[in-house]
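Owing to the predicted nature of the structure, the values given are computational and were not obtained by experimental measurement. Each chain gets a letter, A, B and so on, in the order its sequence line appears, and its residues count up from 1.
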Amino acid sequence: MFLLRTSMNLARVIQDRFRPALAGLVADPEPYVAMVKPTQDAKHGDYQANCAMSLSKTLGKKPRDIAQDIVARLDRGDLLEPPEIAGPGFINLRLQSSWLARQLQTMAADDRLGVAPAQPPKTFVIDFSSPNVAKPMHVGHLRSTIIGDALARLLRFLGHTVVTDNHLGDWGTQFGMILFGYKNFVHDNAFVQDPVRELSRLYVLVREISKAAEDDDEANDAESRTTLTAEGRQIAQLAADASRKETAKLHAADPENVRLWQLFMPHCMEEIERSYRRLDVKFDHTHGESFYNPMLRGVVESLLEQKVAEPGDDGAIIIRFTDKNVALVQKRDGAFTYTTSDLATIRHRMDAWHPDAILYVVDFRQALHFKNLFAAARCWGFDQVALEHISFGSVLGKDGKPIKTREGGAVELGALLDEAIERAAQVYDANVQESRDRGDDVPDLSDAERRQIHEAVGVGAVKYADLSQNRASNYVFDFDKMLAMNGNTATYMQYAYARNRSIFRKGNVDVARFRANPPPALLDTPHERALALQLLRLEEALARATEEYHPSEITSYLWDLSKTYSGFFQNCPVLKAETPALRDSRLLLCDLTARVIRLCLDLLGIRTVERM
RNA sequence: GCCCCCGUAGCUCAAGUGGAUAGAGCAUCUGCCUUCUAAGCAGAGGGUUGCAGGUUCGAGUCCUGCCGGGGGUACCA
């Protein structure tokens, strides 16, 4: 039998009831249907419809009368209690508890927890992480990696086809700097010992020198211009020129530079893969800039042919958006730029995967680049695909400035994760001791299990702290805060999950029964009803997270859920419930809560543990 | 100079397409462990949403100007 899965997006279910009611009043009901939304305050009910006030002007009637009219036309069915009209014309809605109870059973029996697959499914390419291979990954790559991975998991769960593609910086100017540095300043021993660290040192060395020339050029006042001696400026200029030359030679397939590139790459990749393993991040494809190199000449020719690009000053080739807004696609020395390579990437992705959308999870500072890139791509003929810059703010230190080590360098990702896990271990072990002293029933765990908890908690804390932030704003990286372990943190969720699982262990209850053949849910207390409602809002929350690609919608849903669950946990004894039916109902609520927490954390790329 | 983003409680952040008394956590204060893990729960105080106008039944949200912070602005990516 073919069963059409009914949506458990509660807002949408209620909106579907309002649509016919509103259709009798206005030509286009959609904007007004959309005004049905969750209440901010539970005393106003579960949902509210705010359309009556807006309709007042167009219909020339008093809002409260319109509200009255809408309610009269509304087919409540077995879904809603009789609505109340309040204030200027709010329609307050309350779902029938019996309806919630039935939905809960359906949800429990579904391995997707009632979340309907997207219709129609789309194909997304997600471009995230994109480290420069020349140096160890650092804190700057964290947000892109974490946010991109979470979005990939979310979209995939919703039934979309997702292609993750790591656009490695393995071919640009920074590689020219390394080549120049390696050829002139490499410490052979250091390179043998730890190739990536040595390459990183060389990169930083050359960049610092070259940047000095640039900075000095841009300095306006005589005072800062004198920071470099004439000789110093000359050296800086030479280094910058030499690096550019090495880049151009690499691009022109110079045998020696290609050989060095092939020598460096495996080491770099291994280093990067290590970070991804620790973060539980995987990519379907890793097509770095080098992959696109052979295509770049053709891209520029095509751009010229189609009059997207034009010759600029000094033999460069440019795309002109406005008088002052110009992007370079080929430099005067013949080297191509990231705009060229990004355009080649778009063409390749369109050919290979035919996506409906390409998402770029990249730092907000590249907003102008992407605006230009997308405009150029549309002009070049790719006007059917949705190109979106999923931008995010900087990671700041506690002082509010971009995060740095004490020495002023970038914080390396590996060291950062080490510290997170070590701090997590300290906090966890201390708390276990405290609980023991207090007489709590804390499980005895093996060292291996404790190690797993430390990792789950430490890495989870880093990820959750990042994802729970609105991605658009900068965020302050603070170990103490993310590992404080109360409030809206990964640990709170992981702990809520573990405590929940311990109920089933303690009662020797097999969860399978609550999934294969769920018992009826009894929602007579406010705590039980509130928990049921919150559980059923899962699909709505995931939909919201998808709309604007905001993983923080998932964390704020989780936070609401776990607070509601805490209220329930505090007030509703489960194993010692008054009747077997009530015990079953509460076990059902517990199991569903655990499954939802686990699913949501999984969509965020955060592990759960069964005991902690 | 021009363009973009951001200013919300002492601190870090929420607030759905404009909705009801702007919410959380931390910190401060008051209660709660002979009942399923107190990394918890219940409660209190704390706000001219940077400033000044405007739009309307209603503005943290939209518009204008100003102040403050950040970023970008053709040969880095």
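- Between the CG atom of A:D437 and the C1' atom of B:A39 there is a distance of 15 Å, given to the nearest Å.
- Nearer to the 5' terminus of RNA chain B, by closest-nucleotide assignment, is the contact made by A:Q40 (compared with the other of A:Q40 and A:D429).
- Within the 4.0 angstrom heavy-atom criterion, no nucleotide atom of any strand lies near A:K371.
- Look at A:F569 and the base of B:G40; the rings do not stack under the cut-offs of 5.5 Å between centres and 30° between planes.
- When each of B:A38, B:C75, B:C11 is scored by its nearest atom to the side-chain atoms of A:K481, the top-ranked nucleotide is B:C11.
- Nucleic acid contact for A:N92: base, since at least one base atom lies under 4.0 Å from a heavy atom of the residue.
- Within 4.0 Å (heavy atoms only), A:A86 reaches at least one base atom of the nucleic acid.
- With B:U37, B:C76, B:C13 as the choices, the nucleotide that has an atom nearest any side-chain atom of A:A498 turns out to be B:U37.
- Among the heavy atoms of the strands, none lies under 4.0 Å from A:D478.
- Taking the six-membered ring where the residue is Trp, A:H389 and A:F370 present tilted rings, their angle falling between 30° and 60°.
- In this structure, A:Y360 has its ring center closer than 6.0 angstrom to the ring center of A:F374.
- Aromatic ring orientation, A:F479 versus A:F477: perpendicular (interplanar angle above 60°, classes split at 30° and 60°).
- More than 12 heavy atoms of other shown residues, nucleotides or ligands fall within 6.0 angstrom of atom NZ in A:K563.
- At a threshold of 4.0 angstrom between heavy atoms, the contacts of A:C51 with the nucleic acid are absent.
- Within 4.0 Å of A:S556, counting heavy atoms only, lies no atom of the nucleic acid at all.
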| remark: Quick tally for nucleotides 69-74 of chain B: nucleotides whose base has a protein heavy atom under 4.0 Å get B, sugar-phosphate-only ones S, the rest -, giving --SS-B
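- Phosphate contact (OP1/OP2 of B:U37, side-chain N/O of A:K506, threshold under 4.0 Å): present.
- Backbone-only contact: A:E289 has heavy atoms under 4.0 Å from sugar-phosphate atoms and none from a base.
- For A:R438, the side-chain atoms get nearest to B:C33 when compared with the rest of B:C33, B:U17, B:G19.
- Of all non-hydrogen atoms in A:E289 and A:S341, the two that sit nearest each other are CG-OG, 3.9 Å.
- Note on A:N50: a base of the nucleic acid sits closer than 4.0 angstrom, heavy atoms only.
- The two residues A:I503 and A:C590 come nearest to each other via the heavy atoms CD1-SG, 4.1 Å.
- If you check every strand for non-hydrogen atoms under 4.0 Å, A:Q469 touches sugar and phosphate atoms only.
- A:S290 is linked by a side chain to side chain donor-acceptor pair (under 3.5 Å) to A:D170, counting only residues two or more places apart in sequence or in another chain.
- If you check B:C13, B:G19, B:C75 against the side chain of A:S473, the one that comes closest is B:C13.
- Taking side-chain N and O atoms only, A:T337 has no distance below 4.0 Å to OP1 or OP2 of B:C75.
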